[in-house]
Amino acid sequence: AEFREAVQEIRHLAPKPGNLYSDDGSEAAPYIIPDFILDYHDGRFDLSLNSYNIPELRINRQYMDVIRNMMGVPDSQMTEQDKQAIQFVKQKIDSAKWFMSAIKQRHDTLLRTMQTILDYQKEYFKEGDRSKLRPMILKDIADRTGLDVSTISRVVNSKYVQTSFGIILLKSLFSEAMQTKDGEEVSSYAIKNILQECVAGEDKRKPLTDEELMNILNKKGYCIARRTVAKYREMLDIPVARMRKQI
């Protein structure tokens, strides 16, 4: 008992405690600024982009004034240098407008994708109950938005949404569908939750093997193979049975 208590205490310690005081952006202080903010009140969702780190873009009026003043000068009074200057400023203004348009299009794509994910997983976003997550893959959102799967992949990668129940990584909401014996489709999260519960409640002196976990899931009506159990167990960072054994 003393040995187990010591192991439990050691597991809570930081192997590199100096990182707690480091300013080099180490993983000791993983601060996350969400890309979306989602509020839910009075039965309604309010979704918005987080503009915390998004500056307002606009073209400096000084350059516009330069163009206007020079355009008012007759061609006969313009030098070749003046004409080149006008052409140069015009090109830069057009480039700036294109850049601003690209940023706006990106914001529209982000909001469009997030709104579609919200519509697809509306029941989950109400309270954050993972059991209410529907099976969802990138193609589901791509088909609904009319965007390419690769575009959806880039949007959800490393993007976070702030909700009333925490900050959620969008990529974590995607899961493959599993079928029960009744033919009902359920999210793989349901399988993972059962695995976690089984491992948490097992006899640590005789941990459950992947085959035993498979049998438990099959009895609950989930058609799943042993290799799939092993895959989900690894995704949950749960060691194999022999590594979970305790004295």
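Numbers for residues simply follow the sequence, beginning at 1. Remember, predicted model here, so these are calculated numbers, not experimental data.
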### Query
So, do Phe165 and Tyr124 have ring centers that fall under 6.0 Å from each other?
yes
### Euclidean distance, Thr116 OG1 relative to Ile152 CD1, rounded to 0.5 Å
7.0 Å
### Query
Should the pair Arg134 and Tyr120 be classed as cation-pi, given the thresholds of under 6.0 Å to the six-membered ring centre and 45° from the axis?
yes
### Query
Would Glu234 and Lys231 pass as an ion pair if we require N to O under 4.0 Å?
no
#### Entry: Inter-residue atom distance Arg154.CZ - Asn157.CG, 0.5 Å rounding
10.5 Å
### Donor-acceptor under 3.5 Å (Asn50 side chain, Pro34 main chain)
yes
### Query
Hey, quick one: are Ile238 and Met243 part of the same hydrophobic cluster, counting side-chain heavy atoms closer than 4.5 Å, chains of contacts allowed?
no
### Pair Glu202 + Lys204: basic N to acidic O under 4.0 Å
yes
### Task
Would you give the length of the straight line joining atom CD1 of Ile86 to atom CD of Gln91, rounded to the nearest 0.5 angstrom?
12.5 Å
### Task
Taking Arg226 for its side chain and Asp210 for its backbone only, find out whether a donor-acceptor pair lies under 3.5 Å.
no
### Task
State whether Asp94 and Lys90 are salt-bridged, where the test is any N-O pair (Lys NZ or Arg NE/NH1/NH2 against Asp/Glu carboxylate O) under 4.0 Å.
no
### Query
Side-chain heavy atoms under 4.5 angstrom apart, residues restricted to Ile, Leu, Val, Met, Phe, Trp, Tyr: same cluster for Val240 and Ile194?
no
#### Entry: Audit row: Asp39, Phe45, side chain to side chain contact (heavy atoms under 4.5 Å, CB included) steps and yes/no
CA-CA 6 Å; Asp39 293 320; Phe45 288 104; over 6 Å; no
### Query
Going from CD1 on Ile37 to OG1 on Thr163, what distance comes out if it is rounded to the nearest 0.5 angstrom?
11.5 Å
### Message
Check Asp108 with Lys104, please: is the shortest side-chain N to carboxylate O separation under 4.0 Å?
### Response
yes
